[in-house]
Amino acid sequence: MHLSEVTHPNQLHGLSIRQLEQIARQVREKHLQTIAASGGHLGPGLGVVELTIALYQTLDLDRDKVIWDVGHQAYPHKLITGRFDRFHTLRQKNGIAGYLKRCESKFDHFGAGHASTSISAALGMALARDMRGENFKAVAVIGDGALTGGMALEAINHAGHLPKTNLLVVLNDNEMSISPNVGALSRYLNKMRLSPPVQFISDNLEEQFKHLLGESLTPELERVKGGMKRLAVSKVGAVFEELGFTYMGPVDGHNIEELIATFKQAHQIPGPVLVHVATVKGKGYALAEQDQVGYHAQSPFNLATGKAIPSSKPKPPSYSKVFADTLIKLAADNPKVVAITAAMATGTGLDKFQAELPKQYIDVGIAEQHAVTLAAGLACEGMRPVATIYSTFLQRAYDQIIHDVCIQNLPVFFCMDRAGIVGADGPTHQGMYDIAYLRCLPNMVLMAPKDEAELQQMVTTGVLHTAGPIAMRYPRGNGYGVPLMEEGWEPLPIGKGEILRHGDDILMLGYGSMVYPAMQAAELLSEHGIEATVVNARFAKPLDTELILPLAQRIGRVVTLEEGCLIGGFGSAVAEAMFDHNVLVSLHRIGVPDRLVEHAKPEESMADLGLTPPQIAERVLLSLSSSQKTATQSVING
């Protein structure tokens, strides 16, 4: 059987171990070819090929439910659940999603782009099953990196309190999340990987007694065996056993035969069971095995050499790089500055900060809630914590932002990478909501740079701001190539914008990444005889009402532009300010409407949302035309 013939995972049932190993090789080959051609997550999926195939041998996927944590480790799952023929469209517009989506396949039982959710979801399904008197298996597959997230531990704590609820948790242990795991739990798992399996110890003990006595164990010797097993578990799975799970492992995650036998046994054990599977991230591609951080995800690359395919022309530095370089220079002169990441060192550029200033760097693991309150504690003691977290991930710590930072008015600097449209990762990773969810919080200052040079100034502003919390959003990708300063950045005055262009026909207020598109749209409008004043707002809170409101009153027509949700966003802030100050003029808000932004190239998403400069100009023209018709009709009716 060839992988291309597999449209249902149950088709693999009954194949020999040799045939399943052939399927495994085909999964890896297709996986590698696809990522090399179009980019995407590489190492996680390569590490779970045998685990996926073996687990599905022991399940009926028409009935049983498997919940994959995060989703980028589920590429083999996609390939054996009927998506082989479309897999080349991975992470492309209208193609296969990079994460699991319930609407994409009946085998995707729970969508997820954030880590540490699988055990909670699987337990919820198991409880629903028992309440309805149904009979199916619920399985959560979670990477060891996700166990650094408190939500996973909360779910383990709950499941262990339910001894009659059948639940299988498969711990995919490769010592990695994106970067090497951090924390005491990771160290403990490493010890477990190196310890002899419990089953070997207990079974070997029984064989020795049988050899000596020639008979089965007496009840007394069974108790001795149980005591030996508990002693072994204390070295291997004590934490999980004490929390109410039956622990099995570690199991070789690349031995299909051993995995199938283990999973079959696990399904026979009542209550919550944890199978500890030791895997190698990037398995089967030597370069990915050797550089597990670098090959976690890749842009298109040469499969033979492993080197990225160069772009046609050099690109300006990324916002993440400019941010990290600037913060390093500021922190080198100020030992109170502490950079904090939640397991995203490479994505945020803080891996370079760690190399330069390791004593001022903290990685808390996949634990955004802890990261924020940790930053609050640092701020209490006079440090300058810089919590660098993707916009979409900071959502997970919302309560901590409110209670532990804003209510206490602590000077924590939040740096939100990947704000706005992020592209191929899709709805779970789009940074759409940070303006809205932070703008409503007392004491919070919100800012966004128009380009990478202004980013340098805002990093300085955030580090020096001691009056309370301050947040900066900046986009994924490269800057505009504007000249950068090596040092000597001056902080910006809080709540002050700037006029970039003068005109009397319309006022365009751009925030962050939408300032340059506003300028480009203004030039296009000029060709139609419409001259715009363009303002770089810089701050969504406090809003520069001293600048904006008189301009709005004088010009009479206002357009706001933002790369975020319209509901509660920057445009809403402007509308509120105008209403509160009785500046009742025409207002047109341009941003992301109340809908999810699916995976696609960023430029494709911008076009779909009507956020390109030509589309902005066209929307402004239509808005002007509509307002003129309304005014004319009002005169006629009057």
Side-chain angles (χ1 to χ4, degrees), residues 51 55 58 67 69 116 118-123 126-127 130 137-175 181 183-209 217 219-253 258-259 261-279 365:
L51 186 161
L55 178 62
T58 68
I67 313 304
D69 215 88
S116 312
S118 60
I119 304 176
S120 296
L123 180 58
L127 289 172
D130 295 347
K137 297 179 179 69
V139 183
V141 185
I142 186 168
D144 55 329
L147 286 184
T148 63
M151 185 175 174
L153 301 179
E154 292 171 16
I156 288 173
N157 179 64
H158 185 200
H161 187 64
L162 303 171
K164 295 184 179 180
T165 301
N166 293 340
L167 172 72
L168 175 59
V169 175
V170 180
L171 173 58
N172 169 30
D173 178 10
N174 59 22
E175 304 179 81
N181 290 327
L185 186 57
S186 175
R187 288 199 305 271
Y188 183 77
L189 286 173
N190 288 340
K191 290 180 182 179
M192 294 166 70
R193 288 168 67 96
L194 300 174
S195 300
V198 175
Q199 200 61 46
F200 171 79
I201 293 175
S202 55
D203 289 350
N204 190 55
L205 179 65
E206 183 170 356
E207 288 300 317
Q208 291 298 323
F209 275 116
L217 297 186
E220 291 79 9
L221 290 176
E222 281 284 0
R223 285 194 291 273
V224 172
K225 174 188 172 183
M228 291 294 291
K229 181 175 180 179
R230 284 190 294 275
L231 179 63
V233 167
S234 71
K235 293 288 186 182
V236 185
V239 169
F240 299 110
E241 292 273 351
E242 290 297 328
L243 287 172
F245 278 73
T246 298
Y247 170 85
M248 301 177 67
V251 184
D252 181 353
E258 183 180 353
L259 285 166
T262 303
F263 289 138
K264 283 182 177 178
Q265 184 180 2
H267 294 319
Q268 302 304 313
I269 300 173
V273 179
L274 186 139
V275 176
H276 181 186
V277 181
T279 63

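Because the structure is a prediction, the values reported are computed rather than measured.
Rounded to the nearest 0.5 angstrom, S118 OG and I67 CD1 are separated by 8.0 Å. To the nearest 0.5 Å, the span separating NE2 on H276 from CG on L274 amounts to 8.0 Å. For the atom pair CG (L153) and CE (M151), the distance works out to 11.5 Å, reported to the nearest 0.5 Å. Atom CG in L167 sits 11.0 Å away from atom NE2 in H158 (nearest 0.5 Å). Distance CD1/I119 to CG/N157: 11.5 Å, rounded to 0.5 Å.
Of the possible donor and acceptor atoms, one in the side chain of E241 sits under 3.5 Å from a partner among the backbone N and O of Y247. No donor-acceptor pair closer than 3.5 Å links the side chain of D69 to the backbone N or O of V141.
The side-chain heavy atoms of L123 and L162, taken from C-beta on, include a pair separated by under 4.5 Å. Looking at T246 and P272, their side chains never come closer than 4.5 Å, going by heavy atoms from C-beta outward. Using a 4.5 Å heavy-atom threshold, the side chains of V170 and F263 count as touching. At least one side-chain heavy atom of V277 sits less than 4.5 Å from a side-chain heavy atom of L259. Counting only heavy atoms from C-beta outward, the side chains of V273 and M248 approach each other to under 4.5 Å. Contact annotation: the side chain of D173 never approaches that of T279 to less than 4.5 Å [non-hydrogen atoms, C-beta and beyond]. Contact of the E154 side chain with the S120 side chain is not registered, since no non-hydrogen atoms from C-beta on lie closer than 4.5 Å. Between I156 and L147, the closest side-chain pair of non-hydrogen atoms falls below 4.5 Å.
H267 pairs with exactly one of N166, T262, T58 by the side-chain contact (heavy atoms from CB on, under 4.5 Å) rule, that one being T58.
Smallest separation of non-hydrogen atoms from A266 and V275: CB-CG2, 3.8 Å. Scanning all heavy atoms of the two residues, the minimum distance from D130 to K164 falls at OD2-O, 4.4 Å. Closest approach of A138 and A122 over heavy atoms only: CB-O, 3.8 Å. The two atoms that bring G160 and F245 nearest to each other are N-CE1, 3.9 Å, heavy atoms only. Summarising the geometry of K264 relative to Q268, their closest heavy-atom pair is O-CG, 3.3 Å, with the distance given to 0.1 Å. Nearest approach of A152 to A146, heavy atoms of both residues: CB-O, 3.7 Å.
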